[in-house]
Number of protein chains: 2
Amino acid sequence: MTPTETFSVRVKPFNDTLMAEAQQRLDRLTKPLGSLGRLEELAKQLAAILGTVRPTIQEKVIITMAADHGVTDEGVSAYPKVVTPQMVLNFLRGGAAINVFARAVGARMIVVDIGVAAELPAHPQLVSRKIGYGTKNMASGPAMTRAEASAATQAGMEIVEEAIRQGATVIGTGDMGIGNTTASSAIVAAMTGEDLRLVTGRGTGVDDAAYAKKITAIQRALEINHPNPSDPLDVLAKVGGFEIAGLAGVILGGAQQSRPVVIDGFISGAAALIAAALEPGVRPYLIAAHRSQEPGHRIILERLGLRPLLELDLRLGEGTGAALAMPLLEAACKMLSEMATFDEARVSEQSGTQTNL
Amino acid sequence: MTPTETFSVRVKPFNDTLMAEAQQRLDRLTKPLGSLGRLEELAKQLAAILGTVRPTIQEKVIITMAADHGVTDEGVSAYPKVVTPQMVLNFLRGGAAINVFARAVGARMIVVDIGVAAELPAHPQLVSRKIGYGTKNMASGPAMTRAEASAATQAGMEIVEEAIRQGATVIGTGDMGIGNTTASSAIVAAMTGEDLRLVTGRGTGVDDAAYAKKITAIQRALEINHPNPSDPLDVLAKVGGFEIAGLAGVILGGAQQSRPVVIDGFISGAAALIAAALEPGVRPYLIAAHRSQEPGHRIILERLGLRPLLELDLRLGEGTGAALAMPLLEAACKMLSEMATFDEARVSEQSGTQTNL
């Protein structure tokens, strides 16, 4: 069975012609050539993805997926497992950082229970797609079955497709799950072969003793399960998490529907690493929101060839970095659609030897 | 005469107590300790400046000052001098990058003619405080008189004070002036003693021949005028510009009125260097929006001890970087005022040895 047999993904080839057309338009706008730097690169990417040199963002959506992790039995986190459902309730009441930032930037938030180890009350803002009550402890066996990993990924694809049907122009990813930096570090180690200490950080802020337990747990998970890096779904199942699988699905589904996907931090990055391994065509649809304090995030960004928009030393997750990056996407689109050209504004063009304006 | 005799500046000492109170509140919010990184530092700074642990931004204002530079006679720019008034008209019609970004982030823009070398039509959006029709060519004598530098600085202070009276919570700085990277490089060289080639970039995009002329012009300006680095007003007068002096005034006035001042790029940075030399107390009121592609900007930021919020390789000026940074200031304020505490959200706190939550 090839990894993608369980769900079909068809990502359109990236539209290089529109990139070039957007570049031509950028060079006619009233500013020195290239003077808006990385925002011009972002504008071209958004034009190509959204299929127009004057893209507009109608709706920004952050999809935050929550799940629990059996590996917390190993004492790898600074917070008790019960914090996962408690934080989901905090999301539903609007009191978490992601709620505040999503409101601040005008993004709609979709909260998904994809595997929280608790019964959550029905709530109009909560999408319930529970694959299980947390993963199993990967330090003593596979975190999930291959079928569970596939189902979680499929759920993510369906959720993002529904969000796009309802009008989402841009998708941001987010996560909540005590223990999920441990799973993400294991994924990065398995997929890249990098040294465990280089890809493992202190997550929510563990002390030295818990950090040692975290390293040991990941080491055992890799030894016991032998995740196969050339089979991303195998890695996802053995050392991943329900929310990571779900987010991989969000990324695949977003790219398939020709939407820019703003990748939050380390957990979302691990999901992106899996998604890009399953379908390399997703890569040009990805926008890295920020560079996390988690050391493994740098390695993910390098592997994916992504340069983050923000470097704010965040390490919270939830989609907070993705939300904070959204205004830059809007500014990039508006640059293309609202700025005057030299002709329109009757501004003189560059003199001297550079005549390529 | 001491440099500040010509205008009185009284900046309140920074409120360290409020910084500490804001830190306490941040540590009660539902997130791992310190996990919002530099946004937490920004939140504390805003709390201290605005005098409350729950700061709110009522109005964001970008003050963009335009002026011309006699040194353009030396062939230092890629654009003809006439672009300065043309771009001011573009600002007034709403077609420039700064208009687009200011609208995108909900900031009000104040356009000031502080020394454009052309008659500009009266316009409700244009503040006319013309000190002269462009500076003189600093490569053959002082750019301005000391009285002119002082008057331009005073004008900036008055304009920002009026903006604050009208409700501005946060001030962003911006500039327009063909030739003003040449003046800014001269200021940085004079104030820091750094090598001219380290502080001089290609501005709007000059070719090698014009870059050589730019270096020569600055060299001559420094040799002929002998600006005195221990007398910032002397530096400003001899090798500065009207808009740079005006922006120094905006920075001094903003800090004096206890407002955060978001410093745009290289030109605004040169103004901040002057302002901080005139009154070191302004330093904690400054927020560096971004790191410009202009090489001298890095040196300014180091001297002022500022780490920029954004690194987007911008080199446009106008206040574009300041506008793009505004959503981060709003997110930082809303984090303090809108996020739930662990108690309010009934979320369990950190376990293990770290009990300082």
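Computed from heavy atoms alone, side chains included, the values below leave out hydrogens, waters and symmetry copies. Per chain, numbering begins at 1; letters A, B, ... match sequence-line order.
- No part of B:Glu330 comes within reach of chain A, as not one of its non-hydrogen atoms sits under 4.5 angstrom from that chain.
- Minimum interatomic distance between B:Arg307 and A:Glu311 (heavy atoms only, all atoms of both residues): NH2-O, 3.8 Å.
- The backbone N or O of B:Gln86 lies less than 3.5 Å from no partner atom in the side chain of A:Arg346, so there is not a single donor-acceptor pair.
- Interface residue A:Leu310: only side-chain heavy atoms are found under 4.5 Å from chain B.
- The residues A:Lys31 and B:Glu318 are annotated as not salt-bridged, no charged nitrogen and carboxylate oxygen being separated by less than 4.0 angstrom.
- Taking each heavy atom of A:Ala340 and B:Asn90 in turn, the nearest pair found is CB-OD1, 3.8 Å.
- Panel note: side chain B:Arg315, backbone A:Gly37; no donor-acceptor pair is recorded below 3.5 Å.
- Of the two parts of A:Ala210, neither the backbone nor the side chain holds a non-hydrogen atom closer than 4.5 Å to a non-hydrogen atom of chain B.
- Top candidate by heavy-atom pairs under 4.5 Å with chain A, chosen from B:Val82, B:Leu89, B:Leu42, B:Leu39, is B:Leu39.
- Atom CG of residue A:Leu36 and atom CG of residue B:Asp313 lie 11.0 Å apart, to the nearest 0.5 angstrom.
- With respect to A:Arg93 and B:Glu344, no salt bridge is recorded, no charged nitrogen being found less than 4.0 Å from a carboxylate O.
- Only the side chain of B:Leu328 comes within less than 4.5 Å of a heavy atom in chain A; its backbone stays farther off.
- The minimum heavy-atom distance linking A:Met339 with B:Val100 is given by the pair CG-CG2, 3.6 Å.
- Between chain A and the residues B:Ser35, B:Gly203, B:Ala104, the largest count of heavy-atom pairs under 4.5 Å involves B:Ser35.
- Residue contact with chain A, scored on non-hydrogen atoms closer than 4.5 Å, involves the backbone and the side chain of B:Val347 alike.
- Looking at B:Leu309, both its backbone and its side chain come within 4.5 Å of chain A, counting heavy atoms on both sides.
- With a threshold of 4.5 angstrom between heavy atoms, B:Leu316 approaches chain A through its backbone and through its side chain.
- One distance of note links CZ of B:Phe101 with NZ of A:Lys334; it measures 10.5 Å at 0.5 Å rounding.
- Shortest non-hydrogen contact noted between B:Leu324 and A:Ala331 is CD2-CB, 3.4 Å.
- Taking all atoms of both residues into account, the shortest heavy-atom contact from B:Val83 to A:Ser348 is CG2-O, 3.5 Å.
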